[in-house]
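Structure, as C-alpha cells:
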Amino acid sequence: MNTSPLSLDTQDTLARFRAEFVIDDPSLIYLDGNSLGRLPHRTRALIQDYVDHRWGQRLIRGWNEGWLELGERIGGKIARLIGAQSDEVVVAESTSTNLFKLATAALKARPGRRKIVTDDLNFPSDLYIFQGIVELLDAGHRLEIVRSPDGIHGPVEGLAAAIDEDTALVSLSHTVFKSAYTYDMAAITQMAHQAGALTLWDLSHAAGAVPVDLNGANADLAVGCSYKYLNGGPGAPAFLYVRRDLQASLRNPISGWYGQASPFDFGLAYQPADGLRRMLTGTPPVLSLAGIEPGVDLLLEAGMDRLRAKSLQQSEYLIMLHEAMLQPLGFRLNSPREAARRGSHISLGHPEGWRINRALIEQMQVLPDFRAPDNIRLGITPLYTTFDEIHQAVQRLRTVVVERLYEQYPAERPAVT
Ligand SMILES: *Cc1c(COP(=O)(O)O)cnc(C)c1O
C-alpha cells in the first residue's frame, strides 16, 4: 500500500467534507478543532438568514416558527451521535451550568450518600463545579479526586477502590482533555451501579470524536460542548442527557420558567415540566443555538463509524511519524498508545513544549494548542483534517526543534492558550 500523505488523501472516502468548511487560508494547518471547530459554510448562510429574515423580518413571530422547540429538536439530532433517544438530549446553557444542574439533581436523588468520585484528569471546571455544589448544599458531601497513575491513563483501579456504598455520583470526562484517554463507559457505569451510585459523563472531548453509546452503557446522565468536534461555533450552548426513566425523579436546581410545566400561564408557583424540558432554565441564545445544527448534520451525514475509522487511521499515521521523526528529538507520546483507549487528539510532550508551540503558531502556520505542563495537543478532526496536513505539521515541528527556532520565544504564558 502507498502511504504517502497525498495518496492517503486520495483514498479518503470522507475527503469531500473538507469543502463544507470555510477554509480562508489553505496554508494554515488547523489542529485545534478539539477546542473550537471550524465554521461550516451552511452555518454562515443559516446565521445570515436568521439575522436578516427570521429576526429582522419575522420578529416575535419567530418563537412560534421553531425557536421554542429548537433546543429539543437539535438535541434530538445530537442524541443520534451519542447513542441516546431523541427525548433524552436537549441543548441549553453551557457545559459547566448543565453539569451543576445534573450533579446537584443527582446528589438530591441519592440522599444519605455523601461522596462524589472523579479523577485528576477531569476538566478543572468540572472539579470547581463539584466543589461549589458541596459548599452550597452544606450537607457533608465530599469530593474524592482519584489520581491517575501516570497523568495519561485513567485510574480505573483507583476508581474501583473509591466507589463504595457512600458514593452518590461518579463523574468523569469520557475522553479527557489533556491525554485523550477514553474510559470504557459501560464498565465504569456498571461499577458505579453495583455500588448504587449514579454516573455523569462529560462528553465535551468525545461527542463527534469517538462513538459514544450512552444507552448501550446504561449511562444515567451526561453533558457536553457543541463548539468542539460538533463545530457549533464559539460559546454555542451545550447539551445535556438524562436517561428517560430517570427524568421524572430529578429536580432542576435552577428552576426557571423554561422548565416550568406551562410557562405561558405565567403562574406564581413552579411546577416542573414533564420529561427533559424540566432541565431547562431560561430563554436560549437563539442565534448561537441555531448555528449548531449544520455542524451536527455534517457529522450525521459522514457517520460516526466512518469518522472514527478515519480518526484512528490519521492518529496512527501521526504516531508513526512521531516515532520516526520527533521521538529522537525528545518528544514523548502523552496519549495512550492503545487506539481503543484514545480519543481524537494526540498530545506530544516536550520539555520546551510551550516555546515550540509558540514557534509553530508564530512562524510555521500550524495552529495546535498547549496544555501545561508540556503538552502540545494536536486535534484530529476527520471532517476537514488531511493526511498531508498531518505530515506537514510533523515536518514543521521537526524544523522548529532542529533549527532551534523556539529559542526566540520567552517562557511566559499569556492568559488564553
Ligand atoms: C471544553 C470543556 C468544558 C467547557 O465547559 P464550558 O462551560 O463550555 O466552559 C467542560 N468540560 C470539558 C471536559 C471540556 O473539555
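Both counts, for ligands and for their atoms, begin at 1 and track the order of listing.
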In short, A84 meets N215 closest at the heavy-atom pair CA-OD1, 3.5 Å

Heavy-atom proximity to atom 8 (O) of ligand 1 ranks first, among Y227, F100, F177, W201, for Y227

Practice problem: Go through H391 and L8 one step at a time and tell me if the side-chain contact (heavy atoms from CB on, under 4.5 Å) criterion holds. | Solution: CA-CA 11 Å; H391 185 245; L8 289 168; over 6 Å; no

Counting heavy atoms under 4.0 Å, the part of S96 that contacts ligand 1 is both

Notebook entry, point to check: Has ligand 1 got any nitrogen or oxygen that is less than 3.5 angstrom from a nitrogen or oxygen of N122?
Noted result: no

Nitrogen or oxygen atoms of H205 and ligand 1 under 3.5 Å apart
yes

Atoms of ligand 1 under 4.0 Å from any heavy atom of S94, numbered from 1 in the order shown, are 7 (O)

At under 4.0 Å between heavy atoms, what of D126 touches ligand 1? The answer is side chain

S173 heavy atoms within 4.0 Å reach ligand 1 at atoms 13 (C)

Assess whether atom OH of Y128 is packed by more than 12 heavy atoms of other residues, nucleotides or ligands within 6.0 Å.
no

E65 atom CD, neighbour heavy-atom count above 12 within 6.0 Å:
yes

When distances are taken from atom 10 (C) of ligand 1, the protein heavy atom at minimum range is F123 CD2, 3.4 Å

Counting heavy atoms under 4.0 Å, the part of D202 that contacts ligand 1 is side chain

Nearest heavy-atom contact between Y406 and V400 is CD2-O, 3.5 Å

Between Y183 and H174, is the gap from one ring center to the other below 6.0 Å? no

Q) Got more than 12 heavy atoms from elsewhere within 6.0 Å of CG, D52? A) yes

| field | Salt bridge present between E362 and R358 (N-O < 4.0 angstrom) | value | yes

Could you list the donor-acceptor pairs under 3.5 angstrom formed by side chains in residues 292-300, with sequence neighbours left out?
unit_1 : atom_1 : unit_2 : atom_2 : d
E293   : OE1    : R73    : NH2    : 2.9
E293   : OE2    : R73    : NH1    : 2.8
E293   : OE2    : K77    : NZ     : 2.8
D297   : OD1    : K77    : NZ     : 2.8
D297   : OD2    : K77    : NZ     : 3.4

Of V176, V223, T95, the residue with the heavy atom nearest atom 5 (O) of ligand 1 is T95

Under 4.0 Å from one or more heavy atoms of K228, ligand 1 contributes atoms 1 (C), 2 (C), 3 (C), 14 (C), 15 (O)

Near C225 (heavy-atom distance under 4.0 Å), the atoms of ligand 1 are 1 (C), 2 (C), 3 (C), 4 (C)

Ligand 1 to T97 polar contact by distance, N or O atoms, under 3.5 Å
no

